[in-house]
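Scroll down for the structure; my scribbles are underneath it.
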Amino acid sequence: MTLAIFDTLARGKRPFLPRLPGKIGMYVCGMTVYDRCHLGHGRVMVAFDVIVRHLRTLGFGVQYVRNITDVDDKIFARALEREIPFTALTTEMIAAMHADERALNCRLPDAEPRATQHIPQMLDLIARLIEKGAAYQGESGDVYFRVSAFPEYGKLNNRNLEDMVAGARVQVAEDKEHPADFVLWKSAKPGEASWDSRWGAGRPGWHIECSAMSMDLLGTQFDIHGGGPDLKFPHHENEIAQSEAATGCTFANYWMHAGPVRVNDEKMSKSLDNFVTLQALFTRHDPAVIRFFLLQSHYRSAISFSEDALTQAEAAYVRLVQSRSDVPVDAETDVEAIGRYMDAMNDDFNTPRAIAVLFDLAKRTDAAAAATLEFLGDALGLFPKSKAAFLADRQALKAQLTGLSDARIDTLVIERSQARAERDFARADAIRAELTAAGISIEDSPTGTVWTRD
RNA sequence: GGCGCGUUGGCAGAGUGGUUAUGCAGCGGAUUGCAAAUCCGUGGACAUCGGUUCGAUUCCGGUACGCGCCUCCA
């Protein structure tokens with residue numbers, strides 16, 4: 001079976017054909033770095049990480065580019081609020097983002113172009129658009145893209161300009177020719193960072209950076225363009241418009257969008273202020289659990305976030321890890337299982353089906369299954385640590401969340417062992433109940449009693 | 001108002017025109033002083049109403065409910 005990818009523009013799955021044999025150029029819209037990443041950002045990171053991993057497993061050479069938006073109103077506002085230079089803020093947030101990403105076991109992109117470092121490319125692109133009559137400077141000094149110059153405007157979102165105007169939620173700037181025209185270059189405001197240009201000092205609009213940087217790094221046409229669900233409109237629609245208006249050729253061949261993370265049936269988002277940062281999540285759950293939780297759903301479907309859902313995912317993940325071998329396995333992998341895994345992943349990166357294969361392997365006890373489980377778990381990036389390391393880390397994490405100290409638990413466990421030796425089972429069970437109430441499980445084995453935090 | 005999406009067993013979540021997804025939880029058994037873990041076994045589902053079909057959860061249409069985008073947001 002060959003790879004099929006759901007293309008937002010085609011509104012369906014299409015067989016994947018790279019522009020050049022064996023090579024893939026892929027661009028994903030990244031973060032605006034003014035705050036910590038939340039679970040929604042994590043989902044996009046993990047989704048595209050798995051996608052890139054699988055493309056590489058298939059043998060493609062992938063050039064994975066993800067931008068960093070480091071000029072933006074929200075960045076300026078936050079920097080002002082914290083009374084630090086905006087570059088200090090962005091430096092801090094980029095470091096935090098990378099830390100979150102490494103924790104989630106995502107490989108960093110091959111390139112992370114920053115808006116502030118590609119101003120000349122953006123200005124070039126704007127100049128080309130003006131030459132072609134697809135952009136103009138308004139009275140305010142802002143330069144706008146002329147939506148009417150691109151007849152296909154709306155094709156990604158299946159919309160037309162008339163409907164959008166009827167929607168009447170488009171903010172109207174006085175000097176726009178059409179309400180849907182969008183800013184390419186904003187004239188400078190006093191006190192804010194700006195760059196010189198032939199249209200006056202200013203800074204780039206949001207959309208232009210992605211067109212300029214993707215074309216700069218991947219060429220005027222490339223294979224895959226991805227991003228979060230809320231980028232479909234207007235961001236990606238505008239990218240298509242300005243890119244294709246400038247070059248006259250198709251911009252990206254496949255458009256991929258991750259689904260939203262929901263909280264109480266609403267999208268997790270900054271504006272609704274219902275987000276959970278990855279950082280906060282990591283204090284309660286191993287990042288591998290978060291990754292597993294995310295991958296349990298298909299990348300395009302909505303995920304409902306709740307502590308309960310996470311707890312359930314954790315139980316499943318722990319069981320999967322528990323079934324791993326303690327020692328490296330040296331055995332042939334199972335061709336049939338790998339075949340099923342590949343079929344699942346080739347069908348638009350169906351990770352839930354792929355994970356089902358892992359559980360089928362976890363059930364088996366033969367060496368081939370063990371070897372295959374390791375192989376496929378790694379392919380999905382689900383096993384960043386050894387079994388022992390994961391279980392130990394998990395205990396350490398839980399230790400911070402329970403009230404009883406290790407020493408106190410040890411004392412109780414020893415007391416219970418003595419009671420058992422004296423066949424005082426009532427006393428033994430009372431201690432067990434006390435520990436259970438505190439979230440501690442104890443297991444009696446031939447070699448002694450061990451306790452773990454649930 | 002415009003453009004889309006979803007509705008699967010207690011929960012999470014795939015998939016299929018007629019045959020077990022998978023996981024968590026539950027139940028029964030083995031095991032255990034009792035447990036835990038493990039192993040074995042097991043019940044349970046396709047929102048609703050019509051249509052197409054020999055047969056539909058799976059295709060088509062209507063209805064209900066939920067969600068997303070149309071404004072910054074991954």
Side-chain angles (χ1 to χ4, degrees), chain A residues 8 11 28-32 34-35 37-48 66 69 72-74 77 154 156-160 162-171 180 206 226-235 237 257-262 265-273 275 292-293 295-298 300-304 306 308-320 322-323 340 344 347 350-363 365 419-420 423-426 428-429 432-433 435-436 440-445 449-452 454:
Chain A
T8 306
R11 284 172 269 283
V28 172
C29 287
M31 267 52 85
T32 299
Y34 71 103
D35 204 351
C37 291
H38 65 236
L39 188 58
H41 298 106
R43 159 111 106 153
V44 173
M45 293 174 182
V46 169
F48 286 100
R66 191 185 59 202
T69 300
D72 169 88
D73 286 339
K74 291 187 292 297
L156 181 68
N157 291 274
N158 193 23
R159 282 177 202 175
N160 56 55
E162 296 78 68
D163 292 342
M164 288 169 39
V165 173
R169 282 170 76 186
V170 198
Q171 71 174 43
W206 176 33
D230 27 30
L231 263 27
K232 246 184 266 183
F233 193 92
H235 186 54
E237 195 68 60
H257 293 92
V261 173
R262 287 184 195 162
D265 282 336
E266 283 183 321
K267 190 180 70 167
M268 178 178 287
S269 72
K270 298 298 248 184
S271 38
L272 290 171
D273 197 31
F275 59 92
F292 178 84
F293 169 73
L295 260 22
Q296 258 190 324
S297 300
H298 183 84
R300 276 189 289 114
S301 65
I303 294 184
S304 289
S306 68
D308 268 5
L310 235 39
T311 303
Q312 190 173 304
E314 177 152 348
Y317 181 72
V318 168
R319 149 114 208 285
L320 189 65
Q322 218 109 36
S323 75
R340 280 197 293 139
D347 183 12
N350 195 320
T351 54
R353 253 166 74 196
I355 287 174
V357 176
L358 300 204
F359 277 101
D360 286 340
L361 291 165
K363 230 182 297 198
T365 52
R420 288 181 71 219
R423 303 196 68 76
D424 180 359
F425 295 122
D429 289 347
R432 176 194 285 285
L435 289 169
T436 301
I440 315 294
S441 306
I442 46 184
E443 300 172 28
D444 299 321
S445 75
T449 300
V450 266
W451 57 264
T452 51
D454 296 327

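For the numbers below, each heavy atom of this structure counts, side chains included, while hydrogens, waters and symmetry mates do not. All of these numbers come straight from a predicted model, not from anything done at the bench. The sequence lines fix the lettering, A, B, ..., with proteins before strands; numbering per chain opens at 1.
Close to B:rG23, at under 4.0 Å from its OP1 or OP2, lies a side-chain N or O of A:Lys363. For B:rA14, one of the phosphate oxygens OP1 or OP2 lies less than 4.0 angstrom from a side-chain nitrogen or oxygen of A:Ser301. Contact check, A:Lys232 against B:rG4: no side-chain N or O comes under 4.0 Å of OP1 or OP2. A close approach under 4.0 Å does occur between a side-chain nitrogen or oxygen of A:Arg319 and OP1 or OP2 of B:rC24. Close to B:rC72, at under 4.0 Å from its OP1 or OP2, lies no side-chain N or O of A:Ser271. Taking side-chain N and O atoms only, A:Asn158 has a distance below 4.0 Å to OP1 or OP2 of B:rG4. Here A:Trp206 reaches the OP1 or OP2 of B:rC73: one of its side-chain N or O atoms lies under 4.0 Å away.
Using a 4.0 Å heavy-atom criterion, one finds that A:Gln312 contacts the bases of the nucleic acid, with or without backbone contacts as well. Residue A:Arg43 is out of contact with every strand shown, counting any heavy-atom pair closer than 4.0 Å.
With both ends at atom P, the span from B:rA14 to B:rG4 equals 23 Å, rounded to whole Å. For the P atoms, the distance linking B:rC69 with B:rU20 amounts to 40 Å, nearest Å.
Not a single donor-acceptor contact under 3.5 angstrom links the side-chain atoms of A:Arg262 to the base of B:rC67. Judged by atom type and distance alone, A:Asp72 does not reach the base of B:rC72 through any side-chain donor-acceptor pair under 3.5 Å. The base of B:rG33 sits with one of its N or O atoms less than 3.5 Å from a complementary donor or acceptor on the side chain of A:Arg420. Residue-to-nucleotide contacts include no donor-acceptor pair under 3.5 Å from the side chain of A:Asn350 to the base of B:rG15.
Which of B:rA14, B:rA35, B:rC24 sits closest to the side chain of A:Arg353 comes down to B:rA14.
When Watson-Crick and G-U wobble pairs are counted only if both distances are under 3.5 Å, B:rC54 pairs with B:rG18.
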